[in-house]
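Both ligands and their constituent atoms are indexed starting at 1 by order of listing. Hydrogens, waters and symmetry mates play no part in the numbers below; they use all other heavy atoms, side chains included. Not measured: the values here are computed from a predicted model.
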Amino acid sequence: MSDTSSHPLDDPRTDPFGVAATAAADIARITGVERHDIALTLGSGWGKAADLIGETTASFPATEVTGFSAPALAGHVGTLRSVKTPKGKNVLVIGARTHYYEGHGVRRVVHSVRTAAASGARTMVLTNGAGGIKAQWNPGQPVLISDHINLTGDSPLEGATFIDLTDLYSTRLRDIARRVDPTLDEGVYCQFRGPQYETPAEVRMAKTIGGHIVGMSTALEAIAARQAGMEILGFSLITNMAAGIQTTPLSHQEVIDAGREAEPVISSLLARVIGEL
Ligand code: HPA
């Protein structure tokens, strides 16, 4: 379902940071948690991680929070959770991603990230399911995002907002992740607009310009997280080899199935990494 009625972020006169502050106040009221330390967005395949991070102290539909849209996609859970880790950190788990391809504009895409920042989170963990370009990768394999190429032609930044994106996907946090799993490889994530999968020619282009992972999320969110001063960790689950690298047609079902199969392993990896943050 997508709500076509008036949405606070659709009016260009609205301050998106004001909406995020209201959303953060909603979350504090609903959860009873004044400040969250870490935010985690769960993409395809990563959903079980929330159960393993710690004790869920609140779980509620994202639509109860100002500015959140209902999820467009089956397999994406429109739930927010507050989870307390064994070390006492409060994690805001965002199971409600608004994708750029939904066409509601980039403000709605990054609203969850801005809300997380307004809730106090200094660390943003972004996860997704994506296509792999590196020949040595296999479907079902998690990889770290080392950098991105934003191919959407859009930005969450408005006006002359010049933001440095050096070390956007924190070297420090990637090192922590590799201490948990030294076999983790990493690559450059290319965000395409979607929702169609890429053509083989687009995948060849992505490879030529230095990309290793193709997907439809994350880059715009990472930019907004950096703007908010957060430190970012990104993970992709390679659900399939990208178009033309795998010779069989891509399907959403294949992506869902790969996510489901990998879920126990990657969720436990993610929970262990979060435990170290
Ligand atoms: N391309 C874009 N997005 C994706 C893919 C892909 O191959 N697999 C899962 N999400």
**OP:** Test Glu231 against Ser170 for side chain to side chain donor-acceptor pair (under 3.5 Å), laying out the working first.
**Re:** CA-CA 6 Å; Glu231 194 175 15; Ser170 162; 2.7 Å; yes
Here the pair of heavy atoms bringing Ile145 nearest to Arg174 is O-CD, 3.6 Å
The complete set of ring-ring contact (aromatic ring centres under 6.0 Å, His included) pairs with one or both residues in residues 132-170, sequence neighbours excluded, reads His148-Tyr169
Task: Non-hydrogen side-chain atoms of Phe192 and Thr152 separated by less than 4.5 Å - done: no
Contact set, ligand 1, heavy-atom distance under 4.0 Å, ordered by chain/number, equals Gly129, Ala130, Gly131, Tyr197, Glu198, Val214, Gly215, Met216, Thr239, Asn240, Leu250, Val255
**Message:** For a quick check under 3.5 Å, do Glu221 and Gln191 share a side-chain donor-acceptor pair by atom type?
**Reply:** no
Can you tell whether the side chains of Arg108 and Asp10 come within less than 4.0 Å, N to carboxylate O?
yes
